[in-house]
Amino acid sequence: MFMSRSIKIFLWSGIGILVALALCLLLLATFDWNRAKPWLSSRVADATGRPFAINGDLSLIWNRSRSNLSGWRRMIPWPLFSARDVTLGNPDWADASPNMAEIGHATFSINPLALLNKKIAVPTLVLDQPNLTLQRAAGGKNNWTLKSGEPSAWQFELGRLALNEGRVRVVDAIKKADITIAINTLDENRQTDGYRTGWKVAGSFDGAKVSGKGKAGPLLALQEQEQPYPIDADLQIGKTEIDVKGTLTKPRSLAAADIRLKLSGASMAHLYPITGILLPETPPFATEGRLQGARSQGGGDWTYQKFSGKVGSSDLAGTLRYESGLGLPRPHLTGTVESRELRFEDLGPLIGADSSGSKARRGAPAGKALPTQAFRTERWTSIDADVEFKGRKIIRGKNLPIDDLVAELHMKDGVLSFTPLNFGVADGNLTSTIKLDGRDEEIKAEMKISARRLKLNELFPTFQAMQASLGEINGDAELSGTGNSVSALLASSNGEVKMLIDQGTISKLLLEQIGLNVGSVVLIELFGDRQVRLNCLAGDFAVTNGLMQARTFVLDTEEAVLPITGNIDLAKEQLDLTIRPQSKGLRLVSLRTPLYVTGSFKKPAINVDKGVLAAKAGSAVALSIFAPVATALLPLINAGEARDSGCSRLLTEAKKNPVAPPPGKSYRNQSKPAQGKKAG
């Protein structure tokens with residue numbers, strides 16, 4: 001039976017195709033692929049705009065071991081390429097390494113069937129000793145942005161990437177970073193909980209040493225995907241330690257994160273180069289909480305939820321939210337932070353009361369009592385903030401009467417405000433509002449401080465003579481100034497300070513000691529102290545360019561009046577006050593003489609007028625020769641007079657609200673300050 005002509009044509013065509021395919025396979029199997037290296041290098045160099053070379057052997061073998069396939073597809077041999085010593089060059093400006101990429105040995109297979117659909121499908125790519133150097137210059141240009149050409153009709157698909165002894169070096173002039181990451185694909189028996197890659201890191205970041213290690217999911221999963229990507233990392237940057245464990249979604253774009261975050265370090269301020277979030281100087285800290293959030297167009301929304309930890313020896317807990325992106329001129333930090341037991345020494349750096357050790361490191365003058373540490377205003381415009389802080393119980397020394405703290409911190413466009421900053425002091429309240437404008441070279445400050453119902457006996461807890469005293473101190477101050485530290489602000493301050501005590505009692509021994517009434521002091525020491533009714537204590541100070549001048553400062557009791565004159569120099573931290581005791585009754589053996597309060601804030605001194613004291617003592621000696629003993633005591637007897645300091649007038653003045661000129665202005669270059677309205 002003869003075959004038809006069409007069947008013969010079809011049969012011979014099929015045989016021809018099979019023969020051609022066999023010849024192609026034979027050619028591929030026997031072809032010396034090293035002869036194709038110049039052509040391949042030229043094509044890749046044209047596509048990337050970088051020098052490319054396969055310096056070692058390039059070969060091809062056929063492999064039919066495809067465990068992920070079934071049926072007849074598994075019988076089809078797949079080409080398996082092997083290339084040794086592969087390099088991709090750097091642009092001319094990059095000096096961190098001669099090449100951007102260097103690969104000791106690359107092995108990859110290609111799905112031949114996918115070629116029919118114009119797809120280069122690489123099921124597995126294995127890289128041995130790959131070295132990748134990524135560099136960014138100070139101007140922003142980088143070496144990982146390659147030449148972009150016309151869109152290709154071909155697609156590239158990579159199924160699995162395995163790295164053996166891989167190394168990635170990142171050199172970033174903007175972040176001042178030089179970091180090397182060693183990467184290895186984990187052995188199959190170590191691939192648990194989705195972790196497929198192990199890594200170690202070493203180098204420097206912003207001048208600080210960097211080290212760490214961790215594990216993560218498959219490297220190819222770093223591409224856009226919806227599945228959570230596991231990560232477990234332990235990093236140390238300088239003295240800051242970061243421990244992260246959780247999942248990321250779409251890791252390349254940080255579309256979402258849900259991780260357990262632990263942070264610890266020498267100061268929260270050191271987190272700024274890492275996070276870009278401005279935080280205050282603190283003692284050593286450690287916190288742990290849940291970080292959740294997602295990136296959005298131009299920014300993101302991140303929440304550090306229900307964190308807890310320590311700052312120094314104080315506990316800390318709260319929730320903070322960080323937002324950035326379109327519609328916000330700057331990132332915005334909000335939240336609440338609370339401490340159940342806050343130690344005052346841990347609070348010190350936040351309010352400028354830094355330790356002597358910190359002052360010594362900065363070279364601050366040893367004799368200065370007011371804080372001289374400069375505020376770092378150059379970072380104030382990097383973030384806006386609205387954060388509430390509560391210190392429910394302040395642990396402090398016996399000489400500090402501070403009980404608790406409530407503060408609301410607001411930062412907007414370089415202006416830092418505390419509205420309010422409230423302390424519980426001596427069973428009363430010290431309330432203040434503070435505004436610090438850091439947009440110029442020098443800070444412009446405005447301060448309003450109000451003291452209400454401060455107990456006398458609680459205000460001086462270690463002063464025995466005051467423990468039985470009754471009465472409450474109330475006061476107000478309004479000041480403005482310029483400078484970049486607490487010391488500089490007070491040294492240039494202008495405004496008013498007022499204080500008063502209306503009714504109460506005070507130690508008689510204290511008054512007698514102030515008045516140098518020797519006989520009364522001896523009797524009190526023998527038979528005990530008692531309390532003297534306090535009519536009022538009123539103070540009214542004008543502050544001009546850091547000089548506090550006493551317009552009115554007097555202590556009025558049922559037995560004595562103590563007018564006080566002089567000034568307090570906040571710039572030089574010097575006292576210059578004169579106390580002139582005036583008795584209201586008869587005092588036996590009184591050496592009453594003006595007292596001078598001088599010296600520095602750190603070492604005040606109380607002195608008497610030696611000339612007046614010597615004259616009185618000399619008169620007593622001379623009279624004792626010619627008269628009875630009683631006569632000899634006359635110069636030492638203060639007959640006194642029933643004087644009144646005018647408490648009603650003083651109290652009226654003290655109750656008027658203080659006023660302050662704008663920052664940078666003083667009373668010397670403007671008219672007399674207007675009197676404030678009566679306080680309600």
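Please read these numbers as outputs of a predicted model, since none were measured by experiment.
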Measuring from atom [atom1] of [X] to atom [atom2] of [Y], what distance do you get when rounded to the nearest 0.5 angstrom?
| X | Y | atom1 | atom2 | result |
| --- | --- | --- | --- | --- |
| S485 | L490 | OG | CG | 8.5 Å |
| T482 | I443 | OG1 | CD1 | 10.0 Å |
| L263 | T240 | CG | OG1 | 8.5 Å |
| R453 | L430 | CZ | CG | 15.0 Å |
| L316 | S308 | CG | OG | 9.0 Å |
| L570 | K572 | CG | NZ | 12.5 Å |

Side-chain donor or acceptor of [X] paired with backbone N/O of [Y] under 3.5 Å:
| X | Y | answer |
| --- | --- | --- |
| N429 | T431 | no |
| N494 | S492 | yes |
| D315 | E341 | yes |
| S417 | T419 | no |
| S314 | R343 | yes |
| R452 | G475 | yes |

Thinking salt bridges, do [X] and [Y] make one under a 4.0 Å N-O criterion?
| X | Y | value |
| --- | --- | --- |
| D540 | K498 | yes |
| R392 | D404 | no |
| R330 | D413 | yes |
| K444 | E442 | no |

Can you find a side-chain donor-acceptor pair between [X] and [Y] that sits under 3.5 Å?
| X | Y | answer |
| --- | --- | --- |
| D386 | H332 | yes |
| Y304 | T287 | yes |
| D476 | S450 | yes |

With a 4.5 Å cut-off on side-chain heavy atoms, are [Y] and [X] touching?
| X | Y | answer |
| --- | --- | --- |
| T578 | I564 | no |
| L271 | F285 | yes |
| P284 | K310 | no |

I would like to know whether E446 and K448 meet salt bridge (Lys or Arg N to Asp or Glu O under 4.0 Å); could you show each step before the answer? CA-CA 7 Å; E446 299 177 30; K448 294 182 180 180; over 6 Å; no

Please report the closest heavy-atom contact between F541 and R551, naming both atoms and the distance.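 Residues F541 and R551, closest heavy atoms: O-NH2, 4.0 Å.
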
